[in-house]
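Read through the structure below, which is laid out as structure tokens, and then see the notes.
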Amino acid sequence: MGIGRDDTPGLSGRMVYFQTQTVPIAESQERMDPPYEKSRLYALRHSAAHLMAQSVLQLFPDAKLTIGPPIDNGFYYDIDFGDETFGDSELERVEEKMRENASRDLPVAREELTRNEAKERILTLRQDPYKLELLDDIPSEDEITFYTQGDFTDLCRGPHVDSTGEIQHFKLLSVAGAYWRGDEKNKMLTRLYGTAFETAEELEQHLINLKEAKKRDHRVLGRQLGLFTFSKSVGPGLPLWLPKGTIIRDVLCGFLKEEQVKRGYQPVVTPHIGKKELWEKSGHIETFKEGMFPFMERDESETFVLKPMNCPFHIEIYKSEMRSYRDLPIRYAEFGTVYRYEQSGELAGMLRVRGFTQDDAHLFVTPEQLPQEFKGVVELTVFVLEKLGLKDYWMRVGTRDAEADKFIGSDEVWRVAEEAIVKACDEMKLDYRVDVGHAAFYGPKLDLMIRDAIGRVWQMGTIQVDYNLPERFDMEYTGEDGKPHRPILIHRAPFGSLERMIALLTEQYAGAFPFWLAPVQVVILPIADRHVEYAQSVRCGLLEADQKLRIEIDDARDTLGKKIRKNEMQKIPYMLIVGDKDVANQTVSVRDRDDGDLGPKPLDEFVALIS
RNA sequence: GCCGGCGUAGCUCAGUGGUCAGAGCGGCUGUUUUGUAAACAGCGGGUCGCGGGUUCGAAUCCUGCCGCCGGCUCCA
């Protein structure tokens, strides 16, 4: 069962942000009609990329240009600076030079050339090897165009704005490394990111939004709210869950467990390590070794492996007995903690860690049961996301790239599995996008994708159809005909992982978790010491109404204002303020996290409010 | 892993070659007993990420490592 991250082609732009808690990113206005790719803003950003390239060449004449497209919220240009280091200070110099070139208001001219002319042009210009390679890739039926502004000419499809003077409201944002053609075997280029807008106000707003997004970053909130921490001594990517974060985990697990019991899942528990031979048999060592922690070797005869997935263990449970078609479907569920040696540069707070807990389950089904069971899992996954209040997700069908060697099993088996997923999705009228090459190594999958606060795309839940592992493990059940048959395996995790899910929930809610998830649901604030006793009786009264309520009493010797501020920043759904008046009238003064002071109420009225 | 940036008190940050390294918040102690987003005073708290180097002198400059951040690549 895998979780992963994906930068979806065409949406790979950085700097997307939540405008408000509820407005979906995809509807940020620049993406509305006309389509972004045809909009003037798109051309403006494309031209901004050219302006940047022009300015770079004026400052670094030996730089070699590669590609520089507009992206969701801006643009970039990948440039080969040779041995020269290009950092933030260089970026500032380039931005200054851009303003200079913009103010010169250079007209932008388009011209169309033949292939030979184009080649000659590139050679006479700067002998950019990358541009020659790009030229070779232009299909013969496409026209070849160059755009020129002042001393700068670039091979480019366009379109562009008419003059550099139109590019007024821009800012360069960051420097990053990027491999030529996205292949790590190729040379690493320097990618310059920037953004541009039609108006100063839009640019300003964008920059403000970027700052705002940081405030809802789960790493910031995770610290402020006491959800989790990392320790250098423990190791990178190995999270430590604090008491409040653990409550959220437990609540989520409890919720899902209950739903799974209703749907016929059986909980199982398996160890964290297993013998190397098991992982050889499963194909993990063949296809997934890079993602695994170093093996534990006691001596030549015995090597153990820290599990990167739970599936082989669940398969062994299946195999512990003879199975009949009457037993199927069998659904084994486990909150299984797995370990993956992610590359150091890939770790990202709780969104990508090296040890994480999957809400994993494996369903063993007959071919006849596959469609229904697959749909049942999709239904559960959608149900779970609705309950969590996540709405801005989309679905991706990950299929095999037949060229790649990282997949196990025959073409036929893959064809069947991929067809099964696509057919089920179509029948359920799901809106999905197919992504070739994003399958699990053992089978195709349906993934639920979502963005984080700063616009990065992550995979949450996943449902995977697998004909390969049953074969590798020689799994069987006895059919109605008395003969052995092979079950099909569905791997699935509606959350994906608790770590990533809680990180995303934290960002979606900006830390203000809904009542049922909030680590502390109610905090009682006695105004003075003499009210503490009453506060305790209020807590008892609440617990009588609901034993599971998570209640704290803030009896610190602070002023009321201080206590309110402190607990407000902890985003606790309700504060119950109790002072002399409340003791006299047997009330609690309710303060709602969103609506503020609701005034004094008898306790049972408050209980009714939260029930 | 690769490119770039960053690393000063528990947290947020100031200090960029020259007195014993600073602030706010948090913590502790005392005073205050408080009615809807920060009471007042005092006190603690730092091998300036770690190691090596340059220098009369390094938090500050150079270098190796570790960690974090933004990308890229990989990824079930």
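First the proteins, then the strands, lettered A, B, ... as listed; each starts at 1.
OP1 or OP2 of B/U34 has at least one side-chain nitrogen or oxygen of A/Arg530 nearer than 4.0 Å. Within the 4.0 Å cut-off from OP1 or OP2 of B/C68, not a single side-chain nitrogen or oxygen of A/Arg219 is found. Side-chain N/O atoms of A/Thr559 include none lying less than 4.0 angstrom from OP1 or OP2 on B/U34. Within the structure, every side-chain polar atom (N or O) of A/Thr190 is placed at least 4.0 Å from both OP1 and OP2 of B/C3. Residue A/Lys566 has no polar side-chain atom (N or O) positioned under 4.0 Å from OP1 or OP2 of B/U36.
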Begin with the C-alpha distance, continue with both residues' side-chain angles, and end with the deciding distance and a verdict on salt bridge (charged side-chain N to carboxylate O under 4.0 Å, His left out) for A/Arg396 and A/Asp447. CA-CA 5 Å; A/Arg396 173 183 80 177; A/Asp447 294 327; 2.8 Å; yes

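Using Watson-Crick or G-U wobble geometry with both donor-acceptor distances under 3.5 Å, B/C25 finds its partner in B/G10. Pair check for B/A38 finds none; no Watson-Crick or G-U wobble contact set falls under 3.5 Å. Pair assignment for B/G51 gives B/U63, based on Watson-Crick or G-U wobble hydrogen-bonding distances that are each under 3.5 Å. Across all strands shown, B/G70 forms a Watson-Crick or G-U wobble pair, both distances under 3.5 Å, with B/C3. Under the Watson-Crick and G-U wobble criteria, each requiring two contacts below 3.5 Å, nucleotide B/U19 is left unpaired. Under the Watson-Crick or G-U wobble criterion, with both distances below 3.5 Å, B/U32 is left unpaired in every strand shown.
Under the 6.0 Å distance and 45° angle rule, A/Arg354 counts as a cation-pi partner of A/Tyr341.
In this structure, A/Arg181 atom CZ and B/C72 atom P are separated by 18 Å, rounded to whole Å. In this structure, NZ of A/Lys289 is placed 16 Å from P of B/C75, rounded to the nearest angstrom. Across the protein-nucleic acid pair, A/Leu192 atom CG and B/C72 atom C1' stand 14 Å apart, rounded to whole Å. Taking atom CZ of residue A/Arg400 and atom P of nucleotide B/C75, one finds them 15 Å apart after rounding to whole Å. If you take CZ of A/Arg191 and P of B/C2, they are 19 Å apart, rounded to a whole angstrom. Put simply, CD1 on A/Ile454 is 7 Å from C1' on B/G70, counting in whole angstrom units.
Of the candidate nucleotides B/G4, B/G35, B/C11, B/G35 has the atom lying nearest to any side-chain atom of A/Ile577. Each of B/A37, B/C3, B/G4 was ranked by its minimum atom distance to the side chain of A/Met188; first place goes to B/C3. If you check B/G5, B/G35, B/G49 against the side chain of A/Lys232, the one that comes closest is B/G49. Side chain of A/Ile527, nearest nucleotide from B/U34, B/C72, B/G70: B/U34. Closest to the A/Lys406 side chain, of the nucleotides B/U34, B/C75, B/G35, is B/C75. Among B/G1, B/C74, B/U34, the nucleotide with an atom closest to any side-chain atom of A/Arg352 is B/C74. Side-chain atoms of A/Ile564 lie closest to B/A37 of the nucleotides B/U34, B/C74, B/A37. The side chain of A/Glu568 has B/A37 as its nearest neighbour among B/C2, B/A37, B/U36.
The backbone N or O of A/Ala453 sits less than 3.5 Å from a side-chain atom of A/Glu507, completing a donor-acceptor pair. At least one donor-acceptor pair closer than 3.5 Å links the side chain of A/Asp359 to the backbone N or O of A/Phe495.
Taking the side chain as every heavy atom from C-beta outward, A/Arg593 and A/Ile572 never approach each other to under 4.5 Å. The side-chain heavy atoms of A/Phe335 and A/Asp360, taken from C-beta on, include no pair separated by under 4.5 Å.
Below the 3.5 angstrom threshold, one finds a donor paired with an acceptor across the side chain of A/Asp582 and the base of B/G35. A donor-acceptor contact under 3.5 Å is not formed by the side chain of A/Ser174 with the base of B/G70. Side-chain atoms of A/Gln343 and base atoms of B/C74 include a donor and an acceptor less than 3.5 Å apart. Interface remark: the A/Tyr341 side chain does not form any donor-acceptor pair with the B/G1 base, using a distance-only criterion of under 3.5 Å.
Residue A/Lys445 forms a side-chain hydrogen bond (donor to acceptor under 3.5 Å, both in side chains) with just one option from A/Gln459, A/His438, A/Glu418, and that option is A/Gln459.
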